[in-house]
Amino acid sequence: MEGPNDSCPKELAGVEGDLKNNDTAAAAAKIEQYLKEQNSIPLNIAITGESGSGKSTFINAFRGICDEEEGAAPTSVTETTSKVTPYLHPNYPNVTLWDLPGIDTTKFPAKKYLKIVEFEKFDDFIIISDPRFRENDVKLAQEIQRMKKKFYFVRSKIDNDINGAHRKTDFSEERTLTKIREDCVQRLRELGIESPQVFLVSSFDLQMYDFSLLQETLERELPSNKRDTLLFVMPNISPEIINKKKTALQSKIKYYPLGSAAGAAVPVPGLSVAVDVALLAGAVAHFGHAFGVDIPSLRRLSARTDGSHTDLCAVIISPLAASEISKEFLMRVFTQLGCTAALIVAEEASQWIPIVGIPVAMGLSFTTTSKLLNLILNQLAEDAQSVFERALGLKKSH
Ligand SMILES: Nc1nc2c(ncn2[C@@H]2O[C@H](COP(=O)(O)OP(=O)(O)OP(=O)(O)O)[C@@H](O)[C@H]2O)c(=O)[nH]1
Ligand SMILES: [Mg+2]
């Protein structure tokens with residue numbers, strides 16, 4: 001856990017001074033604004049590649065949406081992506097995946113193509129190709145590079161390759177994947193890409209093969225202010241990604257108690273603290289969205305499995321997962337959890353105050369609220385892990 005000496009983000013530079021001057025309202029306003037902005041940083045990822053390579057299927061899998069569901073990108077063996085279409089992430093509308101037609105479909109040269117799709121607005125390009133990278137993909141990559149944008153190659157439909165190779169007597173998944181990867185890299189090098197980044201992906205099985213590597217690479221190469229934005233929209237493909245989300249969410253918890261606008265805080269029954277329920281409801285809803293344990297995310301996940309919504313929810317322990325987060329409901333849960341939190345608070349009250357100069361009177365409220373949010377976060381993270389395991393057991397066969 002971060003301690004008192006952590007430096008504040010630059011957006012919060014004036015908060016310390018506000019608190020020292022006892023101007024908690026000014027501090028709260030700055031923090032509230034900062035938290036709001038954190039959840040609305042735009043991220044635009046372009047998905048391109050030749051017709052039938054699996055662009056739309058990849059977009060749906062990334063967004064956790066079934067190919068047949070309303071709002072899904074249409075997918076088919078016949079040509080379907082004919083114009084630039086934005087698909088907003090269902091939980092975070094600031095994140096958009098753009099379904100772009102392939103160069104071959106549009107018949108534009110790479111330079112003109114990028115101009116028409118307005119390349120400036122994209123943070124990254126993912127070029128999807130099956131079963132081998134074609135010259136058009138490479139021309140596009142070279143042009144993207146010239147425009148100083150990042151691109152990543154995805155070799156799609158790896159499940160087909162593995163199923164095909166399985167029939168051989170000396171089958172080794174590891175060897176098959178290494179061979180496909182090396183062939184792709186070699187071909188791209190021959191076509192003039194110096195150090196191509198190639199990821200082997202099956203959109204039917206994102207938890208397999210290189211999707212997590214793609215996620216890590218995208219995250220690492222994004223500007224630092226966009227990394228958490230990407231992390232929170234990532235599908236839960238592994239226990240590690242859920243843990244990563246938890247750590248990122250945890251690092252922001254310390255700001256919520258201080259973000260309570262003056263006059264907006266109300267006492268929690270049975271506890272000697274007041275909280276800004278609306279602000280905290282926003283935090284809890286954000287946790288649920290990032291972990292995919294809110295009602296709509298669980299519905300979408302069950303549609304992608306062979307189980308029902310009830311099957312998935314059977315493993316959930318937090319009252320705040322799979323629930324409507326109203327202010328009244330949150331207050332009831334806070335009161336119940338508060339009894340547990342209050343016991344721990346007594347030990348920790350003086351020990352962990354993150355922003356220097358915090359008035360002592362705020363300390364107790366601060367620690368209690370942080371503790372409550374941490375308890376909720378831990379429970380929701382645990383639920384996300386159980387739901388992830390359950391969903392794996394209920395996986396649809398393609
Ligand atoms: N086995 C397997 N099939 C896939 C995968 N991804 C896509 N497909 C199939 O490939 C076909 C084409 O997929 P789409 O996602 O429609 O391809 P697209 O690139 O959007 O095609 P256009 O819109 O025509 O440009 C569909 O039948 C998909 O089910 C995958 O990872 N594995
Ligand atoms: Mg398509």
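Order of appearance sets the numbers: ligands from 1, and atoms from 1 within every ligand. Bear in mind that the values here come from a model prediction, so they are computed numbers and not experimental data.
- Close N/O approach between D99 and ligand 1 is not found [any backbone or side-chain N/O within under 3.5 Å].
- The ligand atoms of ligand 1 that sit less than 4.0 angstrom from a heavy atom of S202 are 31 (O).
- Between D123 and K149 no salt bridge is recorded (no basic side-chain N to carboxylate O distance below 4.0 Å).
- Between F153 and F151, the distance from one ring center to the other falls under 6.0 angstrom.
- Ring planes of Y256 and F287: perpendicular class, angle over 60° (limits at 30 and 60°).
- Coordination check, S56 versus the Mg ion (ligand 2): passed, since an N/O/S atom of the residue sits under 2.8 Å.
- For the salt bridge (charged side-chain N to carboxylate O under 4.0 Å, His left out) criterion with E219, the lone passing option out of K245, K244, R227 is K244.
- Remark: ligand 1 and S156 share no N or O pair separated by less than 3.5 Å (distance only, no angle test).
- Considering only non-hydrogen atoms, atom 28 (C) of ligand 1 lies nearest to T57 out of L206, N160, T57, N163.
- With 3.5 Å as the limit, one finds no donor-acceptor pair spanning the side chains of Q186 and E182.
- Below 30°, between 30° and 60°, or above 60°: for Y92 and H89 the angle between ring planes is between 30° and 60°, a tilted geometry.
- Residue G54 approaches ligand 1 through these ligand atoms, each under 4.0 Å from one of its heavy atoms: 7 (C), 13 (O), 14 (P), 15 (O), 17 (O), 18 (P), 19 (O).
- Taking a 4.0 Å cut-off on heavy atoms, G52 registers as neighbouring ligand 1.
- Of all the heavy atoms of P101, none lies under 4.0 Å from any atom of ligand 1, so neither backbone nor side chain is involved.
- Defined by atom type and a distance below 3.5 Å, a donor-acceptor pair is present between the side-chain atoms of R300 and N91.
- Heavy-atom proximity to atom 20 (O) of ligand 1, evaluated over S56, S76, G49, P74, is greatest for S56.
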